[in-house]
Visitor: 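First the structure, then my questions, so here it is.
Numbers restart at 1 for each chain; the letters A, B, ... are given by sequence-line order, proteins then strands.
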Amino acid sequence: MAKLSMYQLYHYLPKTDCEKCGFSCMGFANRLISRDVRPEDCPFLLEPEYSESLTELNRLLGPEVEKEITGLIIDQEKCNGCGICVTVCEVNMEKSQEVGAGRGPGFSDEVVLRIDNGKIKLVDPQSCRRANPSSHICRACAELCPTKAISLV
Amino acid sequence: MSEILYESVVCPSCGCLCDDIDVVVEENRVKSIRNVCEWGISKFLFTKKFTPNVKRGRVEKPMIREKTLVETDYEAAISRAVDILKGSKKPLIYGLTNSGYNAQKIALSIARRLKGLFEPRGAALLSSYYAAMGDSNFYVAPLEEIRNNADLIIYWGCNPIHSTPRHLARYSVYPRGRCKERGSQDRVVFTVDVAENEMGKLSRRFLQVERGTDFLVMETMMKLLREENAEDYKGDIATIENMVRQMTKVSYGAIFFGMGLSAKDNAAKNIENLMALVKELNRKTRFVILPLYDDFNTSGVIQLLIRELKSPMPADFSGDHVAKNSKYSLLENLHEIDAALVVGDDPFWSLPSEKSDLLKKIPMVLIDPYWTRTTNKAQVVFPTAVTGIEAEGIAYRMDGLPLKLKKVLESEYPSDESILGDIYQRLQ
Ligand code: SF4
Ligand code: SF4
Ligand code: SF4
Ligand code: SF4
């Protein structure tokens, strides 16, 4: 997939430069790319008339975040929520012993992977081993997923 | 309206009964839900299994058949149901694997009062299993014990990825256990099934068998264990030899079997041989065996039969004996019954047509939250709350552990337990 451009994202913003977010719309787009802000930080994007723009921005940004930091590509369509990746992820286990023993993470446990609405979600890409160059390269979730819902770039 | 968070809810979908589901409810709808698999979420959203965006049609009003099904009030439906059941000489009470324990209990009382037959769905396979377990004094191993100890997991005639999606991650292959600290790296997986599927990829060995001939594989394995000649087996003998060699080397093996073993009416034969195989294996090492239930409370209804009738077999209350349990599935004698009460099951989908055709000829009372292929064949239809989501209840996990099911949504429909209770009252 081609790298995201600021202009591509700007296209979906209100383009009013109201500065409610603290920047101009272009500045906001810039910070979207660097992941310093989320599309939801623009109050107008939460209004119904921008719901399509918001979805599109999140679609463009969502998987990209994960991919850029971790190299993991998640295809939610294929995932059946079996939770194997959640159980085998060692970072998950470090954060919660019970998760390593098969139990789903608690509602407020901070984990890397969890099952949300029946599908896998990389909730904290920053904590994934792959996001941290000093630790060994981990591929457990992608390797053990039975539906091939997780792959590596 | 504000959000309500229900933590550690039990998922009422398959026999795993995962008890770690967090549900956020807003305006009496599930807004978001964590830890539940795709099969479980379909249940919470009232959608088609594995298709969370396709709604299932609910039965909305009690209905009775005039020429077609017409809506009626609850009282009229109860009266018609009671008339049908009272007028029957040999009614069949069937299904019940998706009901809470108390509802199952009332259904059994109804069968007893009517001198009828009582058969849970899938009984042919499961009752034989429990009977064999009793005969050989085996105990049903808790899933936690398997997770802590098993170094060989065998799935036989089932695909857990479809029937019980979280089973692999929670209890068998992937979780780290007390003596299996590295999880799946400390375990070996075998799968025996009719066609290679996703399980093939994660299994060390995949043995393909011809549908309905599993008992031959078991026989062959036993021969090999006894170091007898097994050359007359026509299938993949090399894989079987390999599997057997490994099976004797492990310290704790667990076999999970599923409905695949009831193919071609060979359930009894398959179970007999499988139990004999487990017995043989236990001479050399430790092996346990458990059924993999795709309905959430199959275990409960079997426990009920064992508790009340001291036998897991389908119950036949007709004739002089109080409880004359039949050896095989009562559905073999479907032509003898003259009315049916079906609870939470869709026999026109789940039974082979030669059996369901016989059901077409008799009046049927149906209690089910959803429209199914069976709805239009019934004389009386009751809408009902979904147990474990819209009504409380008790369910037994596949290894027999009782768990409390919560009610997280309000429903205008009565629970199946209260409908069955009203029918039972009127039979006095
Ligand atoms: S709040 Fe939204 S509309 Fe206003 S400047 Fe920022 S991005 Fe543009
Ligand atoms: S790559 Fe490793 S650390 Fe990262 S989410 Fe997957 S299992 Fe966890
Ligand atoms: S991504 Fe794969 S392993 Fe993880 S829950 Fe989905 S199907 Fe299971
Ligand atoms: S494995 Fe079964 S009980 Fe567990 S969440 Fe999935 S459907 Fe529900």
Side-chain angles (χ1 to χ4, degrees), chain A residues 40 55 58 74-124 129 136 138-151, chain B residues 5-8 11 16 18-24 30-45 47 50-53 143-144 147-148 159-162 164-178 180-185 197-203:
Chain A
E40 288 81 0
T55 316
N58 274 322
I74 292 178
D75 183 348
Q76 291 217 329
E77 272 299 298
K78 287 186 184 158
C79 171
N80 74 346
C82 71
I84 290 174
C85 55
V86 177
T87 299
V88 299
C89 172
E90 283 187 27
V91 183
N92 266 8
M93 189 181 62
E94 278 161 18
K95 298 199 171 188
S96 160
Q97 198 69 39
E98 279 204 317
V99 174
R103 200 176 166 83
F107 194 79
S108 43
D109 284 355
E110 287 170 9
V111 288
V112 181
L113 290 168
R114 65 156 75 239
I115 305 298
D116 219 349
N117 296 324
K119 300 276 184 187
I120 185 59
K121 198 164 170 194
L122 186 56
V123 277
D124 181 10
R129 288 249 160 102
H136 71 272
C138 176
R139 46 173 64 226
C141 56
E143 218 152 64
L144 298 174
C145 167
T147 66
K148 301 193 171 75
I150 308 182
S151 48
Chain B
L5 167 65
Y6 296 93
E7 283 180 280
S8 302
C11 171
C16 284
C18 294
D19 55 353
D20 56 357
I21 313 300
D22 297 330
V23 191
V24 177
V30 171
K31 191 180 171 209
S32 67
I33 181 163
R34 285 183 171 172
N35 297 334
V36 81
C37 72
E38 199 180 29
W39 164 201
I41 196 173
S42 322
K43 189 107 187 214
F44 277 91
L45 300 180
T47 56
F50 288 121
T51 325
N53 45 8
L143 291 172
E144 284 77 10
R147 175 175 70 204
N148 281 335
N159 180 351
I161 293 173
H162 283 266
T164 53
R166 292 183 67 203
H167 191 260
L168 289 153
R170 287 209 73 185
Y171 299 115
S172 65
V173 180
Y174 296 98
R176 294 148 180 99
R178 212 172 300 135
K180 295 283 161 276
E181 280 147 18
R182 297 183 309 152
S184 62
Q185 294 172 49
N197 47 37
E198 303 99 313
M199 284 301 293
K201 188 187 151 214
L202 61 86
S203 304

Visitor: Below 4.5 Å, heavy atoms only, C-beta onward: do B:Ser8 and A:Arg103 meet side chain to side chain?
Guide: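 A side-chain contact under 4.5 Å exists here.
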Visitor: Would you mind checking which part of B:Val24 comes under 4.5 Å of any heavy atom in chain A, side chain (CB onward), backbone (N, CA, C, O), both or neither?
Guide: side chain
Visitor: Under the criterion side-chain contact (heavy atoms from CB on, under 4.5 Å), which of B:Asp22, B:Asn35, B:Asp20 is the partner of A:Phe107?
Guide: B:Asp22
Visitor: So what's closer than 4.5 Å to chain B heavy atoms on A:Arg114: side chain, backbone, both or neither?
Guide: side chain
Visitor: Got a second to check how far B:Trp39's CH2 is from A:Asn80's CG, nearest 0.5 Å?
Guide: 13.0 Å
Visitor: So what's closer than 4.5 Å to chain A heavy atoms on B:Leu202: side chain, backbone, both or neither?
Guide: side chain
Visitor: With a sphere of 6.0 Å drawn around NZ of A:Lys148, does it hold more than 12 non-hydrogen atoms of other residues, nucleotides or ligands?
Guide: no
Visitor: Sort by residue number and list every residue of residues 92-101 of chain A having at least one heavy atom under 4.5 Å from chain B.
Guide: A:Met93, A:Gly100, A:Ala101
Visitor: Quick one: pull up CG in B:Leu168 and CG in A:Leu144 and give me the separation to the nearest 0.5 Å.
Guide: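 If I round to the nearest 0.5 Å, the distance is 11.0 Å.
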Visitor: Main chain of A:Gly83, side chain of B:Arg166: is a donor-acceptor contact present, judged purely on distance under 3.5 Å?
Guide: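 Checking the backbone N and O of A:Gly83 against the side chain of B:Arg166, no donor-acceptor pair under 3.5 Å is found.
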Visitor: So for B:Asp19, is it side chain, backbone, both, or neither that comes closer than 4.5 Å to the heavy atoms of chain A?
Guide: both
Visitor: With no hydrogens and no angle check, is any side-chain donor or acceptor of A:Asn117 less than 3.5 Å from a backbone partner on B:Ile33?
Guide: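 Yes, the answer is positive, given that a donor and an acceptor are paired below the 3.5 Å cut-off.
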Visitor: Please confirm whether the backbone N or O of A:Val88 pairs with a side-chain atom of B:Arg176, one donor and one acceptor, at under 3.5 Å?
Guide: yes
Visitor: Rounded at 0.5 Å granularity, tell me how far SG in A:Cys145 sits from CD in B:Glu198.
Guide: 10.0 Å
Visitor: To the closest 0.5 Å, what do you measure between CD (B:Glu38) and NZ (A:Lys78)?
Guide: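 Separation between the atoms: 13.5 Å.
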Visitor: Taking atom CZ of B:Arg170 and atom SG of A:Cys82, what is their separation to the nearest 0.5 Å?
Guide: 13.0 Å
Visitor: Heavy-atom distances under 4.5 Å only: say whether B:Ser184 touches chain A with side chain, backbone, both or neither.
Guide: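 The side chain, not the backbone.
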Visitor: At a 4.5 Å cut-off on heavy atoms, which part of A:Glu143 comes close to chain B: side chain, backbone, both, or neither?
Guide: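 Only the backbone of A:Glu143 comes within 4.5 Å of chain B.
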Visitor: Find the distance between CD1 (A:Ile115) and SG (B:Cys37) and round it off to the nearest 0.5 Å.
Guide: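 It comes to 9.0 Å.
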Visitor: Using a 4.5 angstrom heavy-atom cutoff, name the option from A:Gly106, A:Pro105, A:Cys85 with the most pairs to chain B.
Guide: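 With the most close heavy-atom pairs to chain B, the winner is A:Pro105.
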Visitor: Between B:Leu45 and chain A, which part of the residue has a heavy atom less than 4.5 Å away: side chain, backbone, both or neither?
Guide: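 Contact with chain A is absent: no heavy atom of B:Leu45 under 4.5 Å.
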Visitor: Pick one of side chain, backbone, both or neither for B:Arg147, based on which atoms fall under 4.5 Å of a heavy atom in chain A.
Guide: side chain
Visitor: If every non-hydrogen atom of B:Tyr174 is compared with every non-hydrogen atom of A:Thr87, which pair is closest and at what distance?
Guide: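 Shortest heavy-atom separation between B:Tyr174 and A:Thr87 comes out as O-CG2, 3.7 Å.
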